[in-house]
Amino acid sequence: MKVIQIKCPRCQQPIYSKVKDRAFYCNHCRTMHIRNGGQEVIDFDIGEFNVNAPADRLYMPFWRLFSAFSINQSKVAGGTIHKLGRMIKGEANGGNLFIYVPAWETEVNEFKHWSVGLTENQPMYSLRSDFNNVERWPTTMSKEEAMQLADFVIVTMEAERPGVLQYLDYGLQVHDARLVYLPFVRGPSGLAPGF
Amino acid sequence: MSISVGLNCPACGGAIQISEGENVLNCNYCGSLLWAEGDAGVMTVAFRNAQGRDSVLRATEEWWRKGFKARDLRTKGKLLECYPIYLPFWSTTTRVAGWICGYEERHHTDRNGNTRTERIPKEEMVLHDYRYTNIACDPGDLGVKFLRNVSGEASFADFESIPTFESTTSKDDMVEMSKQNALSDARSDANVPHITFEKVTAIPKQISQIFYPVWVVRYSYGERMYMATVDGVTGKVLSGRAPGDALYQSLAMTGGTSVSGLIAAGSIAFGIGSGEGTIAIIGLVVGAAVLGFTYRFFRHGSEIIEGDFDDKRSSDLGKELRKGLKFNVGGFRI
Ligand SMILES: [Zn+2]
Ligand SMILES: [Zn+2]
């Protein structure tokens with residue numbers, strides 16, 4: 001077994017952190033990389049805070065999955081609203097969809113809340129090129145695991161509506177995953193969006 | 001999960017602790033972010049042997065006194081050898097995420113004897129981590145296939161002095177087996193009797209190799225040889241074979257045959273008297289089953305077997321461990 005110091009693959013500077021973070025960000029050259037067997041430099045987004053956002057700001061990491069999705073049939077006992085159907089833009093029963101998967105260490109309700117909430121109501125924000133010294137919450141979920149959780153998010157959206165899900169026939173293909181840092185504000189009742 | 005292994009920071013030399021399955025860590029001294037990697041992607045830890053010859057023999061003697069083992073084992077049992085070995089185990093964590101939907105049927109009978117079936121729709125969310133351990137070499141006749149204990153001090157300090165068995169089974173097979181087990185464990189935990197829709201994904205989270213100290217005790221009783229294994233961390237007996245007690249056997253034999261005889265005879269008499277042929281047949285079958293059980297106990301009762309043996313008749317330990325340890329760590333920890 002071996003232990004190595006993590007260094008930026010672009011400028012070779014060591015990376016320091018007070019917390020365990022699977023997304024390795026180089027403060028010198030702003031390169032982000034992940035490791036899984038080998039090392040992989042990744043593209044990532046940083047969202048701009050709303051000018052009115054309160055002061056206790058932080059960036060929360062999400063894996064945003066670029067997916068093709070189509071719904072064929074859904075049957076619910078005691079319910080009627082068709083959440084998934086309404087979401088799809090484009091073709092009548094299919095189209096592209098961004099699925100948001102929280103990449104930090106969450107508890108199950110928080111995970112459901114943010115994954116379903118942001119996938120249903122896609123966040124709108126402008127991009128910036130650095131973190132502007134705002135705290136960056138550590139990423140603990142790997143890209144591979146996030147991609148494998150896509151189905152869970154989709155079915156949760158349909159199952160969480162009124163009634164009891166009995167049948168769901170859909171097609172889902174996850175093409176790619178991008179690490180997205182969304183602006184959040186720490187408030188008295190937990191996290192709130194800051195975009 | 002409490003296995004951790006001590007290593008040093010490659011940047012400053014400070015002591016660092018790695019927990020099982022965790023690749024990323026940070027040095028508390030210099031703040032470097034560090035990456036830990038096992039050979040071929042598998043982390044390896046070894047547990048420190050915390051037992052000695054004396055405590056192992058004490059545990060074995062205590063074990064001799066339990067159950068229907070020969071009552072003179074303590075005086076007639078002769079110790080032949082007692083030594084520790086390291087056995088390799090695979091240890092995996094598999095996350096299962098998904099939904100299982102369907103219904104449960106309940107039958108209601110009203111006063112007139114009409115039966116109505118009620119369908120209760122069910123949707124169950126599945127989100128758990130399951131942990132499995134499995135021996136990574138041929139266990140031979142040791143009767144140890146799973147780890148009962150997964151906490152203790154990790155150290156390679158005893159590696160020089162204790163013979164170590166190499167892993168011979170495939171890591172990929174273990175990952176695949178864990179996925180299949182996690183899916184079926186999750187399905188049984190969801191408890192939806194009639195499934196109409198299911199979308200469940202099994203995600204392998206980590207695999208590691210654990211070298212675990214096990215003491216082997218070989219002893220004789222009369223002409224025959226027996227063995228026992230003792231957990232080198234907890235000091236508990238893991239498995240073993242021991243002579244059964246002759247008195248218990250003969251009691252079971254006579255008790256068994258007379259009970260089976262009575263059941264068979266009673267039901268024949270009752271059958272003839274009442275003209276109910278079926279009861280007599282049932283009685284005969286039950287009688288035969290009791291007799292069969294007695295016969296088995298008599299044949300194998302000369303030996304008491306405990307542990308994960310394939311031909312095991314006397315213990316259910318293996319069965320309860322085959323099911324994964326379910327983690328409900330606040331539901332979900334990533
Ligand atoms: Zn750099
Ligand atoms: Zn250090």
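Contact annotation for residues 15-23 of chain A against chain B (heavy-atom separation below 4.5 Å, listed by residue number): I15(A), Y16(A), S17(A), K18(A), V19(A), K20(A), D21(A), R22(A). Against chain B, no residue from residues 177-195 of chain A qualifies, as none has a non-hydrogen atom under 4.5 angstrom away.
Within a 6.0 Å sphere centred on NZ of K171(B), heavy atoms belonging to other residues, nucleotides or ligands number more than 12. Counting non-hydrogen atoms of other residues, nucleotides and ligands closer than 6.0 Å to CD of E104(B) gives a total above 12. Applying the 6.0 Å contact sphere to CZ of F165(B) captures no more than 12 heavy atoms from other residues, nucleotides or ligands. Summarising the local packing, CG of D130(A) is surrounded by more than 12 heavy atoms from other residues, nucleotides or ligands at distances under 6.0 Å. Taking a 6.0 Å sphere around CH2 of W137(A), one finds it holds 12 or fewer heavy atoms contributed by other residues, nucleotides or ligands. Applying the 6.0 Å contact sphere to CG of N114(B) captures more than 12 heavy atoms from other residues, nucleotides or ligands. Remark: R128(A) CZ is packed, more than 12 non-hydrogen atoms of other residues, nucleotides or ligands lying under 6.0 Å away. No more than 12 heavy atoms of other residues, nucleotides or ligands shown are found within 6.0 angstrom of OH on Y29(B).
For chain A, the nearby part of T201(B) is the side chain; its heavy atoms alone come within less than 4.5 Å. Using a 4.5 Å cut-off between heavy atoms, E198(B) does not touch chain A at all. Using a 4.5 Å cut-off between heavy atoms, T139(A) does not touch chain B at all. Looking at V42(B), there are no atoms closer than 4.5 Å to chain A (heavy atoms on both sides), in backbone or side chain.
Side-chain contact check for F24(A) versus L33(B): some heavy-atom pair is nearer than 4.5 Å. With a 4.5 Å cut-off on side-chain heavy atoms, L168(A) and W99(B) do not count as touching. Side-chain contact between L149(A) and I203(B): present, with at least one pair of heavy atoms (C-beta onward) separated by less than 4.5 Å. Counting heavy atoms from C-beta outward, K199(B) and I154(A) have side chains that stay 4.5 Å or more apart. Looking only at side-chain heavy atoms (C-beta outward), M125(B) and K112(A) come within less than 4.5 Å of each other.
The candidate from A11(B), A36(B), G38(B), P121(B) with the greatest count of non-hydrogen atom pairs under 4.5 Å with chain A is P121(B).
Put simply, CD1 on I6(A) and CH2 on W35(B) are 6.5 Å apart, with the number rounded to the nearest 0.5 Å. The CG atom of L127(B) sits 7.5 Å away from the CZ atom of F111(A) when rounded to the nearest 0.5 Å. To the nearest 0.5 Å, atom NE2 of residue H194(B) and atom CD of residue Q166(A) are 11.5 Å apart.
Formation of a donor-acceptor pair under 3.5 Å by the Q5(A) side chain with backbone atoms of L34(B) is not found in this model.
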